[in-house]
Amino acid sequence: MSDSSAETSDSSNFIRNIIDADLASNKVSTVVTRFPPEPNGYLHIGHAKSICLNFGIARDYNGRCNLRFDDTNPEKESVEYVNSIRRDVEWLGFSWYSNPFASDYFDQLYAYAIDLIKQGLAYVDSQNADEIRANRGTLTEPGVDSPYRDRSSQENLQLFEAMRNDEYEDGEHALRAKIDMQSPNINMRDPVLYRIRHATHHNTGDKWCIYPLYDFTHGLSDAIEGVTHSLCTLEFEDHRPLYDWILDNLETPSRPVQIEFARLQLEYTLTSKRKLNMLVNEGHVSGWDDPRMLTISGMRRRGFTPESIVSFCDAIGITKKDSTIEMGVLENALREDLNVRAVRRMAVINPLKVVIENYPADQEEFFDGANHPQNPDYGTREVPFSREIYIERDDFMEDAPSKFFRLSPGREVRLRFAYYITCKEVIKNEAGEIESLVCSYDPESRGGKSPDGRKVKGTIHWVSARHAVDARVNLYDRLFTSANPGAAADFHQALNPDSNILMDNAKFEPSIELANNPIAYQFERLGYFISDYDSSNDNPVFNRTMTLRDSWAKIEQSR
RNA sequence: UGGGCCGUCGCCAAGUGGUAAGGCACCAGGUUUUGAUCCUGGCAUUCGUUGGUUCGAAUCCAGCCGGCCCAGCCA
C-alpha cells in the first residue's frame with residue numbers, strides 16, 4: 001500500500017530558491033506557508049497546484065502550513081464550502097498545522113484599523129461607491145482626492161466606531177487607506193479597507209456589520225500566523241506594494257513576504273468559478289462532483305487517485321510564466337499511477353455474442369487470471385469459461401485489414417487466459433446487422449498456448465455469458481472540444497456532446513466487486529474504471545476513469 | 001497608450017558568466033497471452049530579437065518585438 005515511487009519533490013523552482021536563500025542567510029529559521037481559499041466554492045485542479053506548493057514546501061522544509069479560510073465576504077461564503085475544502089485537502093493527503101478563519105482575527109484587524117486611523121493613515125470616506133470609482137481615475141489618468149480625505153483622526157475614529165456600531169446603512173461610509181490618489185498603481189489610490197455590510201457571517205454570525213477587505217486582511221493574517229512566505233497567483237503582483245504598505249505601517253508579530261507564481265491553465269478545461277457555476281446551474285453537468293469536472297470532488301468520483309494529482313502538480317512546476325498545460329500531462333500522471341495499482345479484470349462494454357460450436361453446452365471450466373501482470377503479489381482469480389461468451393464488438397471486423405490483429409472471418413485469435421478460437425460464421429439479422437458469431441476452439445490451446453507453437457497475433461478479452469454480471473458503465477471524455485474553451489466568446493459552443501456516454505449493457509466477469517468502493521480496476525484493453533458513488537450489487541454503475549494508451553486507434557486514424 | 005510581470009524544443013521546465021538537465025508529446029526498434037506496461041535509441045550548434053560588455057553570455061547591459069495582469073465597498 002505504501003507509496004513506492006519516491007515523491008521527493010527534488011524539482012527546484014524559483015520559490016524554493018528564495019526559501020533556500022532565506023534559510024541560508026538566517027532571515028527565517030522555520031518556513032511557514034498557508035493555503036488560503038475563500039469558502040465560496042469547490043476546490044479544483046488549479047487549487048491543487050497551490051495546495052501542493054504550500055503544503056509541499058512545509059513538508060520538505062520541516063515547516064508548517066495552515067489551511068486558512070479567507071472569509072471576509074460573508075455574502076458569498078458558507079460552511080458547506082468550508083467542509084468540502086477541508087475534505088478535499090485531506091483527501092489529497094495533506095494535513096494542516098492549524099485551520100483558522102481570517103474571521104477569527106476580526107477583533108485584531110479592527111484594532112489595526114484604529115491604529116492606522118490614529119496615525120493619520122486611514123480615513124472614513126463618505127462618498128458612495130460610484131463617486132469613489134469616478135474619482136479613482138483610470139489606468140492612464142490619476143485619481144482625485146476625496147473631499148473627506150482630510151478629516152481629523154478624532155472624527156475618523158468616531159465615524160469608524162459608529163460604522164461598527166451599526167449606525168449606518170450599507171455603503172454610506174467606507175474606511176480607506178490614505179496613500180496616494182496619483183499613484184500609477186491603482187491599488188495604491190486610497191484602497192478601501194472596510195465596508196459596511198449587514199450580512200450574517202458563517203463564522204461570526206451577526207457580530208459584525210463591517211467587514212475588512214482582502215488587501216487589508218491578508219497580509220495581517222499572514223503576520224498573525226507567522227507565515228514567512230505568502231504564495232499567491234500572478235494577478236496579485238500589483239497588490240504587493242499595498243501588502244507591504246500595510247505591514248510597514250503596523251506593528252505586527254512577524255513580517256511575511258508575498259511571492260507570486262503563475263496560475264494553472266489546462267487545455268480543454270475551465271477553472272473560472274463563475275463558469276464552473278454555470279456548468280452546474282445550467283445542467284450541463286450533474287453537479288460539482290460530476291466526473292467530467294476538474295473539481296477535486298469530481299476527479300475523486302471519476303477515479304483519480306490523490307497521488308496522481310500530486311504527481312501531476314510536481315510535473316508542471318512553478319514559475320511566473322503564463323502557460324497552458326496539455327491534457328496529456330494529466331493523463332500520463334493518472335495512467336502512471338493507476339497502472340501500478342489497478343487490479344486487472346475482464347469486462348465487455350459493447351458485447352457481441354460468440355458461440356463456440358465445438359465446446360460442449362453443459363461444460364464449464366475456470367482459468368487462473370493474474371490480477372496484475374507485473375506484480376505477482378496481487379495474486380490471481382478464477383475466470384469462468386463456457387460455450388457462449390461475449391467479446392467486444394470492436395474486436396470483430398468483417399472486412400479486416402491485414403494489420404487488424406483481432407477476430408474476423410477465418411482468422412484465429414487468443415481469448416485471454418483461455419483458448420485460441422477461429423471465426424467460422426457470422427450470423428446477421430434481417431437488417432444485415434451482425435448478431436453473433438460462430439467460432440471453433442482448439443482444445444489443445446488451453447491456457448493460451450498451442451503445442452505446435454503456432455503464433456496468434458491477437459489476444460482479446462471476453463466474458464462467459466452464463467457467468468456474466470450485467471452492469472452499466474459511464475464513458476467519459478473531455479467536456480470541451482476546444483483546447484481553450486475559456487477564450488471563446490461563448491464556451492457553450494465548445495461543449496462536447498459526447499462527453500458522457502452510458503453503456504447500459506456491459507458484461508462483467510463475476511469477480512468484480514460491484515458496490516461503491518475505492519478499488520481501481522483496469523478492465524483489460526479498455527481502461528481504468530471505478531465504481532460510482534451510486535453503485536450497488538443490485539445496480540452496478542462504473543465510471544471510466546481513463547482509457548489505456550491506444551496506438552491501434554492512432555494507426556486507424558492516420559489511415 | 002500609466003503601472004506591474006513574462007518570453008529556453010510541439011507543451012511544460014532546470015539553468016543564476018564556463019560552453020543547453022528532465023518530463024510530456026512525437027519518431028524508430030525490442031520484450032509482451034492487455035495493439036497496455038516495460039526496455040533501448042532519436043528528438044534545441046541554440047535560449048523572442050538586435051546590438052554591446054567579456055577570453056567566454058541563455059545567464060550582465062541597452063534598444064526593439066510579442067504576450068499576460070490591473071480602473072470591485074470580490075478574493
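Remember, it's a predicted structure, so these values are computed and weren't measured experimentally.
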Point to revise | Stepwise side chain to side chain donor-acceptor pair (under 3.5 Å) check, A/Arg414 with A/Ser445 | key: CA-CA 9 Å; A/Arg414 171 166 38 231; A/Ser445 65; over 6 Å; no

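At a threshold of 4.0 Å, the pair A/Arg176-A/Asp125 counts as salt-bridged, since one of the basic side-chain nitrogens sits closer than that to a carboxylate oxygen. A salt bridge does not link A/Lys76 to A/Glu38: none of the charged nitrogens lies less than 4.0 Å from a carboxylate oxygen. Under a 4.0 Å N-O distance rule, the pair A/Asp394/A/Arg406 does not qualify as a salt bridge. Salt-bridge formation is detected for the pair A/Arg197/A/Glu75: a Lys NZ or Arg NE/NH1/NH2 atom is positioned less than 4.0 Å from an Asp or Glu carboxylate oxygen.
Atom CZ of A/Phe261 is separated from atom C1' of B/A13 by 16 Å (rounded to the nearest Å).
The side chain of A/Glu524 sits closest to B/U34 out of B/U34, B/C27, B/C24. Nearest to the side chain of A/Thr324, among B/U34, B/A14, B/C12, sits B/C12. Picking from B/C12, B/G35, B/C24 the nucleotide with the shortest atom distance to the side chain of A/Arg525 gives B/G35. Relative to the side chain of A/Val329, the nucleotides B/C24, B/G15, B/A13 differ in distance, and B/C24 lies closest.
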Check your understanding: When every nucleotide of nucleotides 70-75 of chain B is labelled 5' to 3' by its protein contacts under 4.0 Å (heavy atoms), B for base, S for sugar-phosphate only, - for none, what sequence of letters results?
Key -> BBSBSB

Review point. Can you give one letter per nucleotide of nucleotides 36-44 of chain B, going 5' to 3': B for a protein heavy atom under 4.0 Å from the base, S for sugar-phosphate only, - for none?
Key: BB-------

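In this structure, A/Arg164 forms a cation-pi arrangement with A/Trp208, its terminal cationic atom sitting closer than 6.0 Å to the ring centre and no more than 45° off the ring axis.
Within 4.0 Å of A/Tyr419, counting heavy atoms only, lies no atom of the nucleic acid at all. Using a 4.0 Å heavy-atom criterion, one finds that A/Ile318 contacts the sugar-phosphate atoms exclusively.
Among pairs with a residue in residues 325-349 of chain A, none fulfils ring pair (Phe, Tyr, Trp, His ring centres under 6.0 Å), at least two apart in sequence or across chains.
A/Asn203 and A/Ser103 share a donor-acceptor pair across their side chains, judged by distance under 3.5 Å alone.
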